[in-house]
Amino acid sequence: MSNKLVFLCGARDFHAMDWYKSSKELMLDKECCVLTDLIAGEGFKKIINDKDKVYKLLILDRFLFQNQSSLGDKWRNLLKLLVLPLQVILLKRFAKKHPNAIYHAHSMYYLVLARAAKVSYIGTPQGSDILVKPYRSKFYKHFTVYGLKMAKHITVDSKKMQEGVFNLSKKNAYIIQNGIDVSSIKKFQKSLNILNQKISHRSGILSIRGFTELYRIKEVLQVRNQTESNYCITFIYPFYESLYKTECNSLIQANDLDLGRVDRIKMYELLSECELVMSIPSSDSSPRSVYEAIFCGSPVAISYNSYYDSLPECMKSRIIIVNLSDNNWLIDAINKAKEINKTPFIPSRTALELFDQKESFKKLQKLLFQ
C-alpha cells in the first residue's frame with residue numbers, strides 16, 4: 001500500500017489546499033505533499049508556507065499577467081496547454097522517485113496531466129470543468145473526457161456534477177462535499193464569547209463570490225442603487241475579472257467597501273457581522289463559501305440551484321431564494337434576513353456529517369487507499 005499522497009493541483013487553490021491540510025491532520029501515518037505548477041501570480045496571495053511540503057513542476061507564476069483578467073485567463077490556459085508535454089515529463093520523473101504514490105488531481109487540467117503521465121490518480125473536477133466548459137468548446141469536451149476516463153475514482157460535490165460526469169464519460173462519480181473548516185469556525189466563535197465581544201447586531205450586505213460576470217455583481221449593484229435606502233455592500237472575492245470590475249465601478253457608492261481577497265479569520269468576522277450574504281451566480285454546483293456563511297450564522301440570498309434541494313433543513317432555513325425578475329427582490333431578501341437573524345444557527349448532526357471537511361476527507365481517504 002502507498003505511504004505517500006500527492007495533491008496534484010494549483011497551490012493557490014483554496015479547495016485543494018484545504019484537502020491537503022485535512023490530510024496532514026488525519027493521516028499521520030502517511031506522507032502528504034503538494035505537486036504544483038502555480039504558487040501565486042496574477043495578484044493571488046501565496047497561501048502555502050514553509051511548513052508545507054511542496055514539490056514543483058515548471059512554475060508558471062512569472063509568465064502570467066500581473067493582475068486577473070479574461071485575457072489573462074486565456075493566456076494562462078494557453079500557456080498551461082503549451083507546456084503540458086514538459087509537465088508530463090516532470091511528473092513522470094517525480095513518479096519514478098516516488099513509486100506507489102497515489103495522486104489526487106484537483107481540477108481538470110491536473111486530471112489530464114495525471115493520465116498523460118500514466119500515474120494512478122483520483123480526480124476532483126471543478127464545477128465549470130463539467131457544467132460549463134465542455135459545452136462551450138469541442139476541444140475542451142475531448143480534453144475533459146480524456147481526463148475523466150482513466151481516473152481510478154472521481155469525486156464531485158453535487159448531484160448535478162455527478163450527472164454531468166456520467167453524461168460526458170459514462171463513469172460514476174462519488175458525491176463528497178468539499179467541506180468547510182467547522183473546527184476553525186467554532187474556535188473563532190468561541191473567541192468572541194471569551195472576549196465578551198459576541199456580535200449582537202448585524203448590518204450591511206456582504207458579497208462573497210468571484211467579482212466576475214458569472215456571479216452577477218452588476219445586477220446586485222443596480223438593484224441596490226434603485227432602492228430608497230441604499231444599503232452598504234462589502235465585497236470580498238477570491239478572484240476577479242478586471243474589465244468587468246471596471247464596468248461596475250460607476251455603480252459602487254462611497255460607503256461600499258472593496259476588500260478583495262481576505263484571510264479566513266477576517267472572512268469569518270465579516271460573515272458574523274453582516275445582515276445578509278449575497279450569492280446569485282447564473283450557474284452553481286455546491287458553493288463552499290455559502291456553507292461557511294451559514295455556519296457563521298448568516299442568512300444567504302441565492303439564485304436557485306439544485307444543490308439547495310440536498311441541504312439539511314437547518315441550512316435551508318438560513319437561505320433566501322430570490323427571483324431576479326422581481327424588482328423588489330433585494331428589499332424582500334433583507335426583510336427576510338432580519339427575521340432569520342432573530343434566531344441563532346444550530347447545525348444538525350446531518351449538517352456536520354455532510355459539511356465538516358474532516359468528515360468529508362475521511363470519505364475521500366477510503367477511496368484514495370481502497
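Numbering starts at 1 and runs along the sequence shown.
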When you look at Arg224 and Asp256, which way does the salt bridge (charged side-chain N to carboxylate O under 4.0 Å, His left out) test go after all the steps?
CA-CA 11 Å; Arg224 187 280 307 270; Asp256 293 335; 2.7 Å; yes

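- In this model, a donor atom of one side chain and an acceptor atom of the other lie less than 3.5 Å apart for Tyr140 and Asp129.
- In terms of hydrophobic clustering, with Ile, Leu, Val, Met, Phe, Trp and Tyr side chains grouped at heavy-atom distances under 4.5 Å, Leu364 and Val165 are assigned to different clusters.
- Remark: the Glu313 side chain and the Ser348 side chain contain no N/O donor-acceptor pair separated by less than 3.5 Å.
- Under the 3.5 Å distance criterion, with hydrogens and angles disregarded, no donor-acceptor pair is assigned to the side chains of Tyr215 and Asp284.
- For Asp181, the side chain to side chain donor-acceptor pair (under 3.5 Å) criterion is met by Ser183, not counting sequence neighbours.
- Because its NZ or CZ atom is not both nearer than 6.0 Å to the ring centre of Tyr307 and within 45° of the ring axis, Lys160 does not count as a cation-pi partner of that residue.
- Geometrically, Arg261 does not engage Phe44 in a cation-pi contact defined by less than 6.0 Å to the ring centre and at most 45° from the axis.
- Remark: aromatic rings of Phe94 and His98 are close, center separation under 6.0 Å.
- Glu275 and Asn341 form no side-chain donor-acceptor contact under 3.5 Å, judged by distance and modelled atom types alone.
- For the side-chain contact (heavy atoms from CB on, under 4.5 Å) with His153, the lone residue among Ile122, Thr124, Ile176, Asn172 that qualifies is Ile122.
- For Lys171, there are no salt bridge (Lys or Arg N to Asp or Glu O under 4.0 Å) partners two or more places apart in sequence or in a different chain.
- Put simply, the side chain of Leu91 reaches to within 4.5 Å of the side chain of Leu113, judged on heavy atoms.
- In this model, a donor atom of one side chain and an acceptor atom of the other lie less than 3.5 Å apart for Asp258 and Tyr237.
- Nearest heavy atom pair, residue Met150 against residue Tyr121, reads C-OH, 3.4 Å.
- Side chains of Leu276 and Tyr231 form no contact here, defined as non-hydrogen atoms less than 4.5 Å apart.
- When each of Asp356, Asp18, Asp157 is checked for a salt bridge (charged side-chain N to carboxylate O under 4.0 Å, His left out) with Arg288, only Asp18 meets the rule.
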